[in-house]
Amino acid sequence: MCGIVGYVGKKEAFPILINGLQRLEYRGYDSAGVALLNSHLRIYKCKGKVSDLIEHVKGKNTEGNIGIGHTRWATHGEPNDVNAHPHLSGNGKLAIIHNGIIENYATLKEMLLKRGHSFLSETDTEVLVHFIEEIQESERVPLEEAVRIALEHVVGAYAIVVISKADPHRLVAARKSSPLVIGVGEGEYFIASDATPIIEHTRNVVYLNDEEIAVVDLENGLTIRTIENQPKTPFIEELEWSLEMLEKGGYDHFMLKEIHEQPNSITDSMRGRLHADLGVILLGGIKDYEQKLCNARRIIIVACGTSWHAGLVGEYLIEDLARIPVEVEYASEFRYRNPVIYESDIVIAISQSGETADTLAAIELAKSKGATILGICNVVGSSISRTTHAGAYTHAGPEIGVASTKAFTAQLTILSLMALRIAHLRGTIAEARYRQLLNELEQIPQKIEKALELEDQIKYISNVFQDTAHFLYLGRGYNFPVALEGALKLKEISYIHAEGYPAAEMKHGPIALIDEEMPVVVLATNESAYEKIISNIQEVKARRGRIIAITTEDDERIHSLAEFVIQIPRTEEPFSPMVSVVPLQLLAYHIALLRGCNVDQPRNLAKSVTVE
Ligand code: AGP
């Protein structure tokens, strides 16, 4: 997710843009830039943080009372100076900033290349500004009309602001699926990704709706039209939030915000890749390696922490659906145990940050043995993404909370798409089952939305167990990795000792731990092993263990066995981890909160372990 700021008014734009971008830096970025208009259209942009941009423009002309600014969270093209926003049209008269993904940018680019356009960057955004220019030149229409026509042909998500040398008092903005807020000041206007950069200037804001275009003009004020060219009356609201709350989107912590972002982050990770209605999965990043994947004798997954738990779900998915042997390795163990690695091996490296030292070292080892390395990363241009042969980015947006939540479910999304794609290519899945799973995968964001509605019940349960010294998490099949992940979430933010175990393994030792002091979280959403899970619950109950059961909405039996029952929407088993993990994330969060722990920056932890 990128940060967007625009200004037009009586003041100098540059300091307002920079301050706004600094307000948005919680959104994460890998490059930043501004475009300033004062008879000349000047663009200053560079890889790195906003502070690097400030250094970059020292001594340069930053005059102008209209401008746009952008912090980039790369989706297309490495983080570097060229790919940074703003991007210029071919004639140098238009500048654009963009947050989102233009899914059909390749088709548009091909058409524009045939019409003589040339491009400097790898971004989808540069294609869009050239498209707007092409329309303005060919149709001889005003900027806002050219933007409207262009967006009628765009597929994907966008929040854009465009300025033109020909209109030095006008900003044109539009959005679809990515947020945009307009601040209405005294003789000045602000546009931003959210209200954070605006609130210190004015509390009067207009939230642009999907498929609306706003024209902000110092002479004519604010006008809004739809993509279908229907006029809309701007609805001005008064901001009530504090700045601090805004940076967390109104949530108390980034972790809670990111837990609640999961329906959107999963949707973003599927965007342009899952076409359930057509029965098509497109993973462009690994397209050239699909045959290698299909013919692989073995797939090795290397990762750490939560990403390792995602890898374990990946093993169940790929073996269950695509019938290829998978081994999941802790990267730190793999790199030192002198493993057997064949040239025919495919190694999948999973990492949110893309900078984890042990995972990077494991990749280098496997590469040195001739294996093919694919990556699943959340940070474009990260070290791991640049070391792998190919990969698929999770589009979860920056994950600020140290405890990984939305990155985990985004990783599962990619692994699900990968497993289904390989299974379909290998013919190891019946067409009807394949289509059924694609349709179900498309429903996962909505099912997570429903699971999030259980937060109040989970808060109550958190109150009951906030002073507990130990927790046990049990799961079978696809839910075994979820038991591990739930235990890790609790450990790392509440400092309560917790263990995740395969439910059947409990009899081989951990059952000795069970007494009336021991809460046992049991994941019971599996259809295939439900009776076995019920037996495990009865074994715990017989020893007076306190049972917290995560089960499906239609489960009537479990209420007589468990002290607390959290009921989530049923889904196909391969996708159950994406839904069953949500109550465990919330349980860990609320228990940690009650214990006064620093949820976003737990003691002793770092967001990315770049050291061994
Ligand atoms: C998860 O909540 C932890 N923050 C940690 O285990 C993390 O998953 C691990 O360090 C791996 O990080 P990566 O995904 O960035 O490689």
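Both ligands and their constituent atoms are indexed starting at 1 by order of listing. Not measured: the values here are computed from a predicted model. For this chain, numbers begin at 1 and follow the sequence in order. All heavy atoms count here, side chains included; hydrogens, waters and symmetry mates do not.
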(Q) Within the structure, is a non-hydrogen atom of Lys489 found at a distance of less than 4.0 Å from ligand 1? (A) yes
Q: Identify, for atom 9 (C) of ligand 1, the protein heavy atom at the shortest distance, and state residue, atom and that distance.
A: Cys304 O, 3.8 Å
Q: Classify the ring geometry between His470 and His497 as parallel (under 30°), tilted (30 to 60°) or perpendicular (over 60°).
A: perpendicular
Q: Heavy-atom contacts with Val402 under 4.0 Å: which atoms of ligand 1 show up? List them by number with element.
A: 2 (O), 4 (N)
(Q) Between the side chains of Arg546 and Glu517, is the shortest nitrogen-to-carboxylate-oxygen separation below 4.0 Å, so that they form an ion pair? (A) no
Q. Which residue from Ser353, Ala349, Gly354, Ala331 reaches closest to atom 15 (O) of ligand 1 through any of its heavy atoms?
A. Ser353
Q: If the plane angle is over 60° it's perpendicular, under 30° parallel, otherwise tilted; pick one for Phe564 and Phe465.
A: perpendicular
Q. Which residues pass the salt bridge (Lys or Arg N to Asp or Glu O under 4.0 Å) test with Glu572, sequence neighbours left out?
A. Arg433
(Q) With a sphere of 6.0 Å drawn around CD of Glu364, does it hold more than 12 non-hydrogen atoms of other residues, nucleotides or ligands? (A) yes
Q) Is the NZ or CZ atom of Arg595 both under 6.0 Å from the centre of the six-membered ring of Tyr495 and within 45° of that ring's axis? A) no
(Q) Please list the nearest protein heavy atom to atom 6 (O) of ligand 1 with its residue and the distance rounded to 0.1 Å. (A) Gly305 CA, 3.2 Å
**Q.** Nearest protein heavy atom with distance in Å, relative to atom 10 (O) of ligand 1
**A.** Val609 CG2, 4.0 Å
Q) So which protein heavy atom does atom 8 (O) of ligand 1 come closest to, and at what separation? A) Thr306 N, 3.0 Å
Q: Number the atoms of ligand 1 from 1 as they appear, then name those within less than 4.0 Å of a heavy atom of Ala403, with their elements.
A: 2 (O)
Q.
Using 30° and 60° as the class boundaries, would you call the ring planes of Tyr589 and His253 parallel, tilted or perpendicular?
A. perpendicular
Q: May I ask you to list the atoms of ligand 1 that are less than 4.0 angstrom from any heavy atom of Ser404?
A: 1 (C), 2 (O)
Q. At a 4.0 Å threshold, what atoms of ligand 1 neighbour a non-hydrogen atom of Ser307?
A. 8 (O), 13 (P), 14 (O)
Q | Glu492-ligand 1 polar pair, N/O distance under 3.5 Å | A | yes
**Q.** Charged N-O contact under 4.0 Å between Lys47 and Asp81
**A.** no
Q: Please list, chain by chain and in numerical order, all residues satisfying side-chain hydrogen bond (donor to acceptor under 3.5 Å, both in side chains) with Thr551, sequence neighbours excluded.
A: Asp555
Q: Name the closest protein heavy atom to atom 16 (O) of ligand 1, giving the residue it belongs to and the distance to 0.1 Å.
A: Thr356 OG1, 2.5 Å
(Q) I'd like to check whether Thr359 has a polar contact with ligand 1, where a contact means an N/O of the residue lying under 3.5 Å from an N/O of the ligand. (A) no
